[in-house]
Novice: 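Please read through the structure below; I'll follow up with questions.
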Amino acid sequence: MEDTRREPYLRLMHLTKTYGDLVAVDDLSLDVEEGEFVCLLGPSGCGKTTTLRIIAGLEQPNAGEIRQGGKEITRLPVRERDFGIVFQSFALFPNLTAEQNIAYGLVNEGWAKGDIEARVDRLMALMDLPDDYRSKYPSQLSGGEQQRVALARALAPSPGLLLLDEPLSSLDAKVRVALRLEIKHMQQAIGVTTIHVTHDQEEALAIGDRVVVMNQGHIEQVASPVDLYCSPRTPFVADFVGITNFLRGYAGPGPDEVRCGSLTLHCGSPHGFATDAPVRLSIRPEDARLGVADPATLNALHAEVEDIEFLGSFYRLRLQVDGLDEGARVMVEASTNRVRDLSLRQGSDLAVQLPPSLLRVYPAEGGARR
Ligand code: ATP
């Protein structure tokens, strides 16, 4: 029978890139569907930009293959590839107006004057650029406006792929948040397949259909923003995306139990570790329930507030939990209303529950699942 499944629009297959002894990209494979918005997220030096530059043909991989739109493009020269790119540094032509910058690629491709005008009009509207910006030079535009022009320029020839290399990181916080939403809306409006490199987890969670978390050249996890946050597959992801408490312990005796200090904590389901295997238990600060007094509830504990920090809409508290190892602390977050209702302050005693289904169990550093 004929295989009717369509090949993903972009396929990265076993890409490796080394610089001397350094492995910048390590056997990386990723499929991206047409119209998807994928964010490459990871700490500085994890290989995000190198991966993007390999996709663009600005770097050659040592090994591996890239396919775009059903064709192999691994060794295709840059000018023959079908992509638009926006960099962190605005990279507009300083001697050309906004309009001339946007039209640049179209003039080179020999478009007719009327078609260029219509296309520039459409792109300026798409990127929310007022008409009187047409004749302005880059030096007369703010950083956010320059990036809008850069986006319009990248999109002008209707590329199949839009590559964004930290386009928001030189902008101030407010402009960054506003422009990331505009980029998302623009991408949804025209449906261009987009790969966006960022080290900002909030940005990746806010705009990606899927987020690829990278670490030391390899992929740790690929997931939707919600799945990534709620079900991090590795301690690295749990720690890099959001804030997580890690408690050292030992698996067992029950299949869903972990011993931390003198406490036996229950997880929502069997964790798969052999009894006595060293493990790390993780829980998000906002997942702990404060003021749960019923001792019959699983994982109901007693704690003292060691520190309390007011962060506007919520408080962050550092708890010393009875029964945990000396020195172990649990960070929790609670709404301002909840903290007021429970009259919490430094030194307060309180009941706290770690809901079993929200605890995750990982191997201890250097350990493995059985
Ligand atoms: P950042 O967010 O800091 O840009 P990144 O995740 O994008 O980091 P890359 O720029 O891809 O990381 O770099 C990955 C690794 O490869 C880093 O250790 C970097 O120093 C190294 N590297 C990148 N380009 C080169 C090069 N041209 N020559 C030598 N080493 C390089």
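Position 1 is the first residue of the sequence; numbering continues from there. Whatever order the structure lists them in is the order used to number ligands and atoms, beginning at 1.
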Novice: Consider every N or O of Ala24 and every N or O of ligand 1, then say whether any pair is closer than 3.5 Å.
Specialist: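 Such a contact does not occur with ligand 1.
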
Novice: Using a strict threshold of under 4.0 Å (side-chain N to carboxylate O), is an ion pair present between Glu203 and Arg180?
Specialist: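 The answer is no: the pair does not qualify as a salt bridge.
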
Novice: Would you kindly confirm whether Val192 and Phe87 end up in one hydrophobic cluster when ILVMFWY residues are joined by side chain heavy atoms under 4.5 Å apart?
Specialist: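 No, separate clusters.
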
Novice: Does Arg284 qualify as a cation-pi partner of Tyr229, given the criterion of NZ or CZ under 6.0 Å from the six-membered ring centre and within 45 degrees of its axis?
Specialist: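 Yes, Arg284 and Tyr229 form such a contact.
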
Novice: Answer with side chain, backbone, both or neither: which part of Met214 has a heavy atom less than 4.0 angstrom from an atom of ligand 1?
Specialist: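 The answer is neither.
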
Novice: Give the atoms of ligand 1, by number and element, whose distance to some non-hydrogen atom of Cys46 is under 4.0 Å.
Specialist: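 So the answer, numbered in order with elements, is 5 (P), 6 (O), 12 (O).
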
Novice: Using only atom types and a distance under 3.5 Å, with no angle test, would you say the side chain of Lys184 pairs donor to acceptor with the backbone of Ile207?
Specialist: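 Yes, the answer is positive, given that a donor and an acceptor are paired below the 3.5 Å cut-off.
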
Novice: Among all protein heavy atoms, pick the one closest to atom 3 (O) of ligand 1 and tell me residue, atom and distance.
Specialist: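 Here the closest protein heavy atom is Ser44 OG, 2.6 Å.
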
Novice: Distance to 0.1 Å, residue and atom name: give those for the protein heavy atom nearest to atom 13 (O) of ligand 1.
Specialist: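 Nearest protein contact, heavy atoms only, for atom 13 (O) of ligand 1 is Thr50 OG1, 3.7 Å.
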
Novice: Tell me the protein heavy atom at minimum distance from atom 14 (C) of ligand 1, and give that distance in Å.
Specialist: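 Nearest neighbour among protein heavy atoms for atom 14 (C) of ligand 1, to 0.1 Å: Gly45 O, 3.4 Å.
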
Novice: Please confirm whether Glu166 comes under 4.0 Å of ligand 1, counting heavy atoms of the residue only.
Specialist: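 Checking ligand 1 against Glu166, which is what was asked, there is a heavy-atom contact under 4.0 Å.
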
Novice: For ligand 1, which is the ligand I care about here, please tell me if Thr51 has any N or O atom under 3.5 Å from one of the ligand's N or O atoms.
Specialist: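 No: no nitrogen or oxygen of Thr51 is under 3.5 Å from one in ligand 1.
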
Novice: Working to the nearest 0.5 Å, report the span between CD of Gln68 and OH of Tyr9.
Specialist: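 One gets 4.0 Å once the value is rounded to the nearest 0.5 Å.
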
Novice: Can you report which non-hydrogen protein atom sits closest to atom 23 (C) of ligand 1, along with the distance?
Specialist: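 Answer for atom 23 (C) of ligand 1: Tyr19 CE1, 3.5 Å.
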
Novice: Quick one: do Glu220 and Arg233 satisfy salt bridge (Lys or Arg N to Asp or Glu O under 4.0 Å)? Show the steps, please.
Specialist: CA-CA 8 Å; Glu220 288 269 332; Arg233 216 181 52 207; over 6 Å; no

Novice: In residues 353-361, what donor-acceptor pairs under 3.5 Å come from side-chain atoms, sequence neighbours left out?
Specialist:
from: Gln353; atom 1: OE1; to: Arg289; atom 2: NH1; distance (Å): 3.1
from: Gln353; atom 1: NE2; to: Leu298; atom 2: O; distance (Å): 3.0
from: Arg360; atom 1: NE; to: Pro232; atom 2: O; distance (Å): 3.3
from: Arg360; atom 1: NE; to: Tyr362; atom 2: OH; distance (Å): 3.2
from: Arg360; atom 1: NH2; to: Pro232; atom 2: O; distance (Å): 3.3

Novice: Within the protein, is there a heavy atom lying under 4.0 Å from atom 9 (P) of ligand 1?
Specialist: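 Given the 4.0 Å cut-off, atom 9 (P) of ligand 1 counts as touching protein heavy atoms.
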
Novice: Is it the case that ligand 1 has an N or O less than 3.5 angstrom from some N or O of Lys48?
Specialist: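 Such a contact does occur with ligand 1.
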
Novice: Do the side chains of Asp276 and Arg259 get close enough for a salt bridge, i.e. N-O under 4.0 angstrom?
Specialist: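 A salt bridge links Asp276 with Arg259.
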
Novice: Given Pro43, Ser169, Gly47, identify the one with the heavy atom nearest to atom 12 (O) of ligand 1.
Specialist: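 It is Gly47 that holds the nearest heavy atom.
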
Novice: Got a sec: does the CZ of Arg81 have more than 12 other heavy atoms crowding it under 6.0 Å?
Specialist: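 Enclosed.
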
Novice: Any N/O of Thr49 closer than 3.5 Å to an N/O of ligand 1?
Specialist: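 Between Thr49 and ligand 1 (N or O atoms, distance only) the closest approach is under 3.5 Å.
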
Novice: Salt bridge between Arg318 and Glu306, side-chain N to carboxylate O under 4.0 Å?
Specialist: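 A salt bridge links Arg318 with Glu306.
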
Novice: Under 3.5 Å between some N or O of ligand 1 and some N or O of Leu22?
Specialist: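 No, there is no polar N/O contact under 3.5 Å.
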
Novice: Can Gly42 be said to touch ligand 1, with heavy atoms closer than 4.0 Å?
Specialist: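 Contact absent.
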
